[in-house]
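Right, one structure below, let's go through it.
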Amino acid sequence: MQIYKFNSVLKPVLWGGDRLVAFKRLPAQCEPIGESWELSAMPGRESVVAQGEDQGLTLTGLVRRYGADLVGRDVYRRYGDRFPLLIKLIDARRDLSVQVHPGDEMAMRCHGCMGKNEMWYILEAEAGAIIRTGFNRRLTQAEFDRRMADGTLLEAVNAVESRPGDTFYIPAGQIHTIGAGNLLVEIQQSSDVTYRVWDYNRRDADGNLRQLHVQQAREALDYEPRDGQVHYMDQGGGQMTGLVCSPDFDVSRLDVDGAYRLDMPEGHSFVAAVCLDGDLRLSADNMPGASLSRGETALIPAAASCVEMNGTARLLLASVPERA
């Protein structure tokens, strides 16, 4: 095994822009790019190893080849060959649809897959850019139906002006949308099930209104008031900052300036490292290492007992917590 880098999967969408191309230093694109899938085992959009002896292997193929040595004993026991996380970069040139995701029980019952808890880390935000997440007061299904009918649903949803470094945790069931002007990292369960609640009467390239999933959303929604913004505290002298601790993923921000050693605890999972800024070199035990620059993501196998980092960079580190 090695520290793995993957080819990004770019997704053109009607609400996308051109900032991902600049952020990742990619060649210019003709279509607006809304998403760059950095670490994905989703069918049709799987990450493919970009370098080394396993070059050309998909992420799922990598898990099948190395099992618990790659993802960790507890992760492999729970998920088998299914990689449990999906990591994206998102550029919202226009407002995304208002949506909700089902939890594990509903997703498994209706779609045969896991649900979708997710988090966002804001990279860039234009003046006045908004994140909407969670109802601002308790709603009944009857009021939800009425507000859907009269077009006032957004009046019942929290809206905050976003800033670089803001973190949002959006559990399954929580209504949400990314407003125009946000560039962000999304870390989520490996699921692509989305119930679109409202889409501003937009039409697709063929002139058709985009499909809504109101009946499914009515069942999936959490109607209690929720504040989705995570108010975190800097821990560890400014180098390592815990952002999100959830049942499905833990995410921290790490600032490296020079040399840094990251020791892995007993029984840990893989670590996904997303480079937000700067450049550094990663090495682990006797594995082949990797360089990492802004907009790139690396997968550090669970078999690594420690990771040596050299350079100047800001990273997000994502892992899966152990369950009893």
Side-chain angles (χ1 to χ4, degrees), residues 6-40 42 44-45 47 86-101 116 118-133 154 157-168 170 175-188 192 194-212 228-229 251 253 272 274-278 292-297 313-316:
F6 300 84
N7 298 318
S8 301
V9 180
L10 302 180
K11 184 178 179 182
V13 290
L14 62 85
W15 45 260
D18 57 8
R19 284 189 297 176
L20 282 177
V21 171
F23 186 77
K24 291 177 63 64
R25 303 182 180 97
L26 299 175
Q29 304 288 316
C30 297
E31 298 179 279
I33 302 299
E35 299 181 354
S36 176
W37 290 31
E38 298 296 304
L39 196 58
S40 165
M42 297 299 299
R45 291 197 178 94
S47 297
L86 172 58
I87 298 178
K88 308 174 185 176
L89 302 179
I90 296 178
D91 176 17
R93 181 175 58 88
R94 300 167 60 188
D95 293 333
L96 273 66
S97 60
V98 182
Q99 54 191 236
V100 67
H101 308 297
K116 186 175 175 182
E118 62 187 7
M119 64 84 68
W120 300 330
Y121 180 89
I122 307 297
L123 294 168
E124 299 175 8
E126 296 175 359
I130 294 294
I131 292 292
R132 299 181 188 270
T133 176
L154 288 183
V157 181
N158 292 307
V160 298
E161 189 168 335
S162 53
R163 300 164 302 175
D166 283 352
T167 303
F168 298 84
I170 301 96
I175 195 167
H176 60 274
T177 182
I178 300 170
N182 284 294
L183 179 70
L184 57 85
V185 181
E186 178 176 277
I187 299 174
Q188 58 164 92
D192 202 26
T194 296
Y195 299 147
R196 195 179 293 126
V197 178
W198 177 246
D199 196 43
Y200 317 99
N201 291 322
R202 286 190 291 210
R203 297 179 182 272
D204 62 22
D206 297 320
N208 301 312
L209 288 171
R210 299 180 80 204
Q211 182 182 7
L212 302 181
Q229 190 163 6
V251 180
R253 189 183 67 202
V274 184
C275 187
L276 309 180
D277 196 17
L292 204 58
S293 297
R294 188 186 70 193
E296 295 183 330
T297 299
R314 169 167 283 187
L315 308 172
L316 289 187

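FYI, the numbering just counts along the sequence from 1.
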Between His176 and Trp120, how do the two ring planes meet: parallel, tilted or perpendicular, split at 30° and 60°? perpendicular

Mind checking the CD-CZ spacing from Glu296 to Phe23? Nearest 0.5 Å is all I need. 10.5 Å

Drop me the distance from Gln211's CD to Ser97's OG, to the nearest 0.5 angstrom. 11.5 Å

Would you mind reporting whether Val98 and Tyr200 have side-chain heavy atoms less than 4.5 Å apart? yes

Does any non-hydrogen side-chain atom of Val160 lie less than 4.5 Å from one of Ile130? no

Beyond-backbone contact of Glu118 with Ile187, side-chain heavy atoms, under 4.5 angstrom: no

Is the shortest side-chain heavy-atom distance between Phe168 and Leu184 below 4.5 Å? no

Is the shortest heavy-atom distance from the side chain of Val100 to the side chain of Thr194 under 4.5 Å? no

Can you see which heavy atom on Arg25 is nearest to which on Ser293, and at what distance? NH1-CB, 4.1 Å

Start with the C-alpha distance between Gln29 and Leu10, add both sets of side-chain angles, then the distance that settles side-chain contact (heavy atoms from CB on, under 4.5 Å), and finish with yes or no. CA-CA 10 Å; Gln29 304 288 316; Leu10 302 180; 4.1 Å; yes

In the structure I gave you, are the side-chain heavy atoms of Asn182 and Ile122 within less than 4.5 Å of one another anywhere? yes

Could you go through the side-chain contact (heavy atoms from CB on, under 4.5 Å) check for Trp37 and Met42 one step at a time? CA-CA 10 Å; Trp37 290 31; Met42 297 299 299; 3.8 Å; yes

Please tell me whether Glu38 and Ser40 have a donor and an acceptor in their side chains that are separated by less than 3.5 angstrom. no

Those residues that, when tested against Glu35, pass salt bridge (charged side-chain N to carboxylate O under 4.0 Å, His left out) (two or more places apart): Lys11, Lys88

Using the side chain to side chain contact (heavy atoms under 4.5 Å, CB included) criterion, which residues pair with Asp91? Sequence neighbours excluded. Arg19, Leu20, Leu183

Closest heavy-atom contact between Ala159 and Arg132? CB-NH1, 3.6 Å

Can you tell me how far CD1 of Ile33 sits from NZ of Lys24, rounded to the nearest 0.5 angstrom? 11.5 Å

If you take all heavy atoms of Ala180 and Asp95, which pair is closest and at what distance? N-OD1, 2.7 Å

For a quick test of reading the model, state the closest non-hydrogen atom pair linking Leu39 to Ala272 and the distance between them. CD2-CB, 3.8 Å

Of all heavy-atom pairs linking Asn201 and Leu209, the shortest is O-CD2, 3.5 Å

Are Leu315 and Leu276 side-chain neighbours, meaning at least one heavy-atom pair lies under 4.5 Å? no

pair Gln99-Trp198: side-chain heavy atoms closer than 4.5 Å: no

Calculate, to the nearest 0.5 Å, the distance between atoms CD1 and CZ belonging to Ile131 and Arg163 respectively. 12.5 Å

Using only heavy-atom distances, determine whether the side chains of Asn158 and Thr133 contain a donor-acceptor pair under 3.5 Å. no

Rounding to 0.5 Å, atoms CD (Glu126) and OG (Ser162) come to a distance of 9.5 Å

If I compare all heavy atoms of Ala313 with all of Cys275, which pair ends up nearest, and what's the gap? CB-SG, 4.3 Å

Does atom CZ (Arg210) have a neighbourhood of more than 12 heavy atoms from anything else shown, all under 6.0 Å? yes

Rounded to the nearest 0.5 Å, what's the gap from OG on Ser36 to CD1 on Ile87? Could you check? 11.5 Å

Quick one: list whatever passes side chain to side chain contact (heavy atoms under 4.5 Å, CB included) with Leu96, sequence neighbours left out. Trp15, Ala92, Thr177, Ile178

